[in-house]
Amino acid sequence: MTTSSLPGFRDFYPADLALRSHIFHTWREVAQRYGFVEYDGPPLESLELYTKKSGAEIVGQLYGFTDQGGREVALRPEMTPTFARMVAARAGGLPKPIKWFSIPQLFRYERPQKGRLREHFQLNLDIVGETSVASDAEVVAAAIDVLRAFGLGSEDFVARYSDRQLIAAVMIEMGVPEPSLPAAFAALDKADRESKEWILDRLLEAGVENAGTRERLTGLKDLTLDELSARFSHVDVVVARVERLGLFRRQIEAAGLGEFVLLDPGLVRGLAYYTGLVFELWDREGRFRAICGGGRYDDLLESVGGPDLPALGFGMGDVVLGELLRDRGLVPHSEAALDDFVVHVSEEVLPEALRIVHQLRAAGRRVGFDYRSRAVGKQFRAADQAGAGRVIVVGPEEVAAGECVVRMMDTGDEVRLSTSDLVGGSSGRPS
RNA sequence: GUGGGCGUAGCUCAGACGGUUAGAGCGCCAGGUUGUGGCCCUGGAGGUCGCGGGUUCGAAUCCCGUCGCUCACCCCA
């Protein structure tokens with residue numbers, strides 16, 4: 001018998017669950033405000049669903065086993081395959097664009113560390129069937145507004161964005177061999193954390209033989225859109241993607257969110273399947289891991305056997321977000337568990353107290369009382385600990401008069417009320 | 001998979017040249033207080049000192065091993 005949970009798994013005591021619920025409520029509220037509807041799928045899926053997209057090497061990183069029917073199954077490590085599967089099954093009949101969100105619990109078998117456990121909840125929000133810049137801006141705006149809804153401002157976080165096609169075209173133009181692109185992406189992805197020498201070494205390993213090319217690549221992340229379009233005006237893809245990013249930027253600004261976004265040509269994200277816009281939300285100081293990441297994946301649905309539909313979306317986990325909210329003091333106090341606590345002065349009046357308790361509960365109020373008819377002082381202390389807003393004292397005198405004493409716990413004010421006025425009366429605190 | 005740090009009460013931690021019955025604060029329970037919470041006072045419960053072995057008259061303390069937690073690397077969905 002152990003009292004601890006498995007490594008990387010969390011117990012949610014009431015105070016912890018209060019924060020989780022707050023996160024879920026806020027996620028839902030903002031997603032729905034943007035017109036997304038909620039869906040869910042099974043937490044257990046066929047292992048093949050994941051190996052098909054990511055290859056066999058992913059098996060060591062997920063919770064997989066053989067079930068009693070001999071099926072190879074896995075706890076879902078991400079939502080996208082499930083999402084793709086569900087969209088594929090109904091795509092023909094669904095009006096476009098499809099705007100869905102979900103809050104799945106995801107699992108991965110890895111060494112736990114700060115901001116990264118073996119289990120977490122993640123808001124997944126996606127649009128399917130749209131290639132427009134407006135849909136790009138809509139998804140990024142939604143991610144930003146989610147954090148704003150928690151009370152975070154532009155001084156707290158920033159959305160970095162880039163474009164996969166743009167960066168790939170620029171890299172090739174700079175002299176990166178096409179087969180070296182993925183490794184070059186990976187090397188540049190570390191630019192913020194690693195030294196320039198480290199980046200140069202990794203680029204050489206990636207197969208970028210030309211020293212001048214390597215040098216130019218390290219400066220890529222600092223280029224502006226204007227510089228990119230000026231330097232590569234002869235490359236059609238670069239011109240087109242720069243124009244698209246400019247339009248994206250103007251739409252974000254029109255939404256009033258310009259202060260929250262920052263172009264970062266060095267941002268590529270590890271995932272191979274992104275085909276256009278990529279973005280990540282970070283705390284301004286970079287003290288935490290990425291809060292949210294996403295992008296456009298126009299080829300993914302078809303590649304996993306789904307319909308040929310463009311798509312984009314993001315994932316936002318509850319772990320890093322929770323750490324950030326704690327850090328900024330944005331965790332709401334868990335609301336009091338009780339509206340009323342009914343104190344009975346002696347065991348003889350317990351029946352009358354119970355009548356009042358249940359009358360109040362029937363009216364929708366959260367009501368507690370003492371099970372053991374302890375001293376009044378003890379009952380008050382219990383009421384205080386339970387966070388009761390008011391205490392209703394029922395004693396022999398009150399019962400005889402058909403009244404009770406109502407004490408507001410925050411102010412200490414007391415009034416005598418007719419028992420019939422307790423529910424719906426003007427002195428009753430709205431719940 | 002690799003490396004660092006840490007394991008003593010529910011929580012945060014003292015105690016470490018080896019030496020009576022292992023402590024504090026907070027929390028919990030009870031009493032002071034048989035009609036009024038927070039503050040205060042008193043008492044109580046709660047520990048295989050992560051586990052196993054070794055050295056020793058004697059180990060929370062020293063040695064070896066092991067497990068766990070944690071941070072970072074790898075990877076990142």
Side-chain angles (χ1 to χ4, degrees), chain A residues 2-9 11 13 15 45 49-51 53-55 57-63 74-84 104 106-120 122 124 126 185-186 189-190 193-194 198 202 268-274 280 289-290 292-295 297 300 304 313-317 319-320 336 338 341-349 353 370 372-399 404-414 416:
Chain A
T2 175
T3 57
S4 59
S5 60
L6 285 169
F9 284 77
D11 292 323
Y13 287 90
E45 290 272 19
L49 189 64
Y50 306 110
T51 56
K53 181 188 124 196
S54 308
E57 67 276 10
I58 200 177
V59 173
Q61 295 174 40
L62 48 70
Y63 274 93
L75 289 170
R76 61 188 174 194
E78 57 169 325
M79 199 55 175
T80 304
T82 299
F83 176 66
L106 305 176
F107 307 86
R108 57 182 62 182
Y109 194 82
E110 287 183 320
R111 287 284 278 272
Q113 54 192 295
K114 187 172 163 61
R116 199 173 169 100
L117 307 172
R118 286 182 170 173
E119 147 280 314
H120 71 141
Q122 188 182 66
N124 274 247
D126 295 270
F185 279 155
D189 204 37
K190 305 285 185 197
R193 305 190 97 168
E194 301 289 346
W198 188 92
R202 287 293 293 262
V268 286
R269 289 186 58 72
L271 275 180
Y273 59 63
Y274 287 117
E280 290 179 344
R289 291 168 176 274
C292 166
Y297 51 96
L300 180 66
V304 298
F314 69 76
M316 181 187 297
V319 179
V320 175
L338 289 182
F341 192 100
V342 176
V343 167
H344 58 292
V345 172
S346 65
E347 198 158 3
E348 290 69 48
V349 295
D370 189 66
R372 288 184 284 165
S373 306
R374 290 180 297 179
V376 171
K378 296 299 176 193
Q379 295 192 38
F380 262 88
R381 182 170 154 76
D384 187 48
Q385 288 179 318
R390 13 175 247 187
V391 164
I392 292 153
V393 181
V394 178
E397 301 165 26
E398 288 84 357
V399 170
C404 47
V405 171
V406 177
R407 180 183 179 91
M408 307 309 293
M409 291 296 272
D410 50 358
T411 63
D413 293 342
E414 278 190 11
R416 241 178 127 92

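To find a chain, count down the sequence lines: A is the first, B the second, and so on, and within it residues start at 1.
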Checklist entry - Is a side-chain N or O of A:Gln122 found less than 3.5 angstrom from the main chain of A:Glu78, in a donor-acceptor match? => result no
Item to check | Side-chain (A:Asp11) to main-chain (A:Tyr13) donor-acceptor, under 3.5 angstrom | outcome: no
Checklist entry - From B:A77, B:C73, B:U36, pick the nucleotide closest to the side chain of A:Val376? => result B:U36
Checklist entry - Looking at B:U36, B:C74, B:C29, which one has an atom nearest to any side-chain atom of A:Gln385? => result B:C29
Checklist entry - Quick one: on RNA chain B, does A:Arg111 or A:Glu397 contact a more 5' nucleotide (nearest heavy atom)? => result A:Arg111
Under 4.0 angstrom, heavy atoms only, what part of the nucleic acid is [X] near: base, sugar-phosphate, or nothing?
X: A:Arg374; result: sugar-phosphate
X: A:Glu347; result: nothing
X: A:Arg416; result: nothing
X: A:Gly412; result: base
X: A:Pro104; result: nothing

Next on the checklist: Please report whether the ring centroid of A:Tyr297 lies less than 6.0 Å from that of A:Phe83.
Outcome noted: no
State the pairing partner of [N]; accept Watson-Crick or G-U wobble contacts with both distances under 3.5 Å, and report none otherwise.
N: B:G25; answer: B:C11
N: B:A59; answer: none
N: B:C49; answer: none

Item to check | P spacing across the pair B:C67 / B:A24, given as an integer number of angstrom | outcome: 35 Å
Checklist entry - Which value, in whole Å, describes the distance between the P atoms of nucleotides B:U20 and B:G58? => result 15 Å
Between atom [atom1] in [X] and atom [atom2] in [N], what is the gap in whole Å?
X: A:Asp370; N: B:C29; atom1: CG; atom2: P; answer: 12 Å
X: A:Gln113; N: B:C71; atom1: CD; atom2: P; answer: 8 Å
X: A:Lys114; N: B:C73; atom1: NZ; atom2: P; answer: 12 Å

Checklist entry - Any N or O donor-acceptor pair linking the side chain of A:Arg381 to the base of B:G38 at under 3.5 Å? => result no
Next on the checklist: At less than 3.5 Å, do the side-chain atoms of A:Gln122 and the base atoms of B:A77 form a donor-acceptor pair?
Outcome noted: no
